[in-house]
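Quick notes on the structure that follows.
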There are 2 protein chains.
Amino acid sequence: MSDETPTKAEFEILKILWDTSVPMRVREVLEILNQDAETPRAYTTIMTLMNIMADKGLLQREPDGKAFRYRPSRPRERTLKNMLADTLGRVFDGSATALVAQLLDNAKPSPDELKQIRKLIEDYSKSDRKR
Amino acid sequence: MSDETPTKAEFEILKILWDTSVPMRVREVLEILNQDAETPRAYTTIMTLMNIMADKGLLQREPDGKAFRYRPSRPRERTLKNMLADTLGRVFDGSATALVAQLLDNAKPSPDELKQIRKLIEDYSKSDRKR
DNA sequence: GATCAATTACGAAATGAATCGTACGAATTA
DNA sequence: TAATTCGTACGATTCATTTCGTAATTGATC
């Protein structure tokens, strides 16, 4: 129950907080969010959103002067994991193979990326037996 | 513009149509959808949904007696491709490597699946130069 | 043609997400 | 103390999605 998956807008906020890796105030998040936005959001929009996220357990608040600072409740990896699991289950019926097939056909990874990906799979294969 | 990505409910309907691979009427889709559903939907719910999908261009209609039969406008692969591209871009900032890393950490593919995945990558590597 | 059952058309309500304005409170300053 | 500034709380509005009821239509049957 404590593993809510964020909505689109919520996820944007989480990305900012993960990137800076330091608890931030609403205003700071707002400014980063707006600095390269075509249509800037209002302060209260983000305030409300971050409130909801705190209620849901996606963010934690800590008092700082008259304001709060917010931090993500869960590390980035854990959340990405959930979101990917969602796609994997919903879209690819749980088949990692099907997903990779689409991915290759799709993302056209560069030779360099391919190399990295191969390495990942090698490493995983080796560490597999201790599962 | 003709590459709409389906919503959750729309996708469920597409899956049914892809699986049977034959154009179906609303009632048939409804029955499959409801047969293992905890809360069954009303006929009109699916009717409306499929109408919207036809408007959007996700489905095509062909008359059959007094009713219509519906078929997906696009093949499954094409749609999955779009949906995966969305996840890749939004969640993993376009990094196929990052996605695969999560996937391995996540789906715990079996040795057999791994083998298939490796093969996919091999094949892709070979065909890559003609890009 | 009249009637019946199945289907579609239309429109409206319920829900969830995203947006923002106004009210109000606390610290800061004039 | 009054005015300013920064913050949160709360509620309203908009928008997309999902849901479904009622009315109109159509084809089949008598």
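Because only heavy atoms are used, hydrogens play no part in the values below, and waters and symmetry mates are left out as well, while side chains stay in. Just so it is clear, the model here is predicted, and its values are computed rather than measured. Here is the naming used below: chain letters follow the sequence lines, and residue numbers restart at 1 for every chain.
Using a 4.0 Å heavy-atom distance criterion, B:T44 is classed as a base contact. Contact annotation for B:F68: backbone-only contact, meaning every heavy-atom pair under 4.0 Å involves sugar-phosphate atoms and none involves a base.
For B:M53 and D:dT17, the CE to C1' distance is 13 Å, given to the nearest whole Å. Rounded to whole Å, atom C1' of C:dT8 lies 14 Å from atom CG of B:D64. Here C:dA18 presents its P atom at 10 Å from CD1 of A:I46, a figure rounded to the nearest Å. The CG atom of B:L59 sits 15 Å away from the C1' atom of C:dT8 (whole-angstrom rounding). Rounded to an integer number of Å, the gap from B:R69 CZ to C:dT8 C1' is 15 Å. Residue B:E28 contributes atom CD, which lies 9 Å from atom P of C:dT7 at whole-angstrom precision. In this structure, CG of B:L58 is placed 12 Å from P of D:dT18, rounded to the nearest angstrom. A:D55 has its CG atom 12 Å from the C1' atom of D:dA9, to the nearest Å.
Ranking D:dT19, C:dA18, D:dT17 by closeness to the B:T7 side chain, first place goes to D:dT17.
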Task: Test side-chain contact (heavy atoms from CB on, under 4.5 Å) applied to A:L99 and A:L84, step by step - done: CA-CA 10 Å; A:L99 194 155; A:L84 181 59; 4.2 Å; yes
- [ ] Determine, stepwise, if the pair A:M83 / B:T87 fulfils side-chain contact (heavy atoms from CB on, under 4.5 Å).
- [x] CA-CA 8 Å; A:M83 294 175 76; B:T87 299; over 6 Å; no
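Of the two residues near DNA chain C, B:T48 and B:R25, the one whose nearest nucleotide lies more 5' is B:R25. If A:K66 and A:R61 are placed on DNA chain D by their nearest nucleotide, the residue sitting closer to the 5' end is A:K66.
A:T45 has a side-chain polar atom (N or O) that falls below the 4.0 Å cut-off from OP1 or OP2 of C:dC20. Residue A:N51 has a polar side-chain atom (N or O) positioned under 4.0 Å from OP1 or OP2 of D:dA9. The shortest distance between the side-chain N/O atoms of B:R27 and the OP1/OP2 oxygens of C:dA6 is not below 4.0 Å. Close to D:dG21, at under 4.0 Å from its OP1 or OP2, lies no side-chain N or O of B:Y43.
Salt-bridge check for A:K119 with A:D123: passed, with a basic side-chain N closer than 4.0 Å to an acidic carboxylate O.
With hydrogens and angles left out, the side-chain atoms of A:R71 and A:S21 include no donor and acceptor closer than 3.5 Å.
Annotation: cation-pi geometry not satisfied between B:R61 and B:Y70 (NZ/CZ under 6.0 angstrom from ring centroid, within 45° of ring axis).
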